[in-house]
Amino acid sequence: MSKFDKNSIGNNLLQVDGDIIFKLENMLVKNGLTKYRLSRITNIRYDTICNYCKGDVTLINVEYLKIFCKVLNCDVKDIIEYK
């Protein structure tokens, strides 16, 4: 359980509705790349890229987002979205 989970005891963070949607996998398909290939191009661990594809990320690394955008020739909004 993460300290950011809504049910976490003692969590004093402001509770908000909405979700962060990760769309990295869609961008990989659009660009004809695999997670493995993106890992090799960027030197970002394969497991980390898998986590971004699944949306299994607690803290977002801004440097990774910049790298993804550069390699995939897209904007951040093409990779993550707040709904």
When hydrophobic residues are tied together by side-chain contacts of less than 4.5 Å, even through go-betweens, does Y36 share a cluster with I44?
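Result: no, two separate clusters.
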
Please check if V62 and I67 belong to a single hydrophobic cluster, counting links between Ile, Leu, Val, Met, Phe, Trp and Tyr side chain heavy atoms closer than 4.5 Å.
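Unlinked, V62 and I67 end up in two clusters.
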
Can you tell me if K70 uses its side chain to pair, donor with acceptor, with the backbone of L65 under 3.5 Å?
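No, the answer is negative, given that no donor and acceptor are paired below the 3.5 Å cut-off.
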
Please check this pair: side chain of N31 against backbone of M27, looking for a donor-acceptor N/O pair closer than 3.5 Å.
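Yes; judged by distance alone, with no hydrogens or angles, the pair exists.
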
Quick one: does [X]'s side chain get under 4.5 Å of [Y]'s, heavy atoms only?
X   : Y   : answer
N51 : I49 : no
V71 : L33 : yes
C69 : I79 : yes
F68 : L38 : yes
N61 : Y52 : yes
L24 : C53 : yes

Inter-residue atom distance [X].[atom1] - [Y].[atom2], 0.5 Å rounding:
X   : Y   : atom1 : atom2 : value
I60 : I20 : CD1   : CD1   : 6.0 Å
K30 : L72 : NZ    : CG    : 10.0 Å
E81 : I21 : CD    : CD1   : 6.5 Å

Atom CG of D47: over 12 foreign heavy atoms under 6.0 Å
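Yes - once you tally the heavy atoms of other residues, nucleotides and ligands closer than 6.0 Å, there are more than 12.
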
Between K35 and E25, does any side-chain N to carboxylate O distance fall below 4.0 Å?
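So K35 pairs with E25 through a salt bridge.
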
Minimum heavy-atom separation for S39 and Y46, please, with both atom names.
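Residues S39 and Y46, closest heavy atoms: OG-N, 3.4 Å.
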
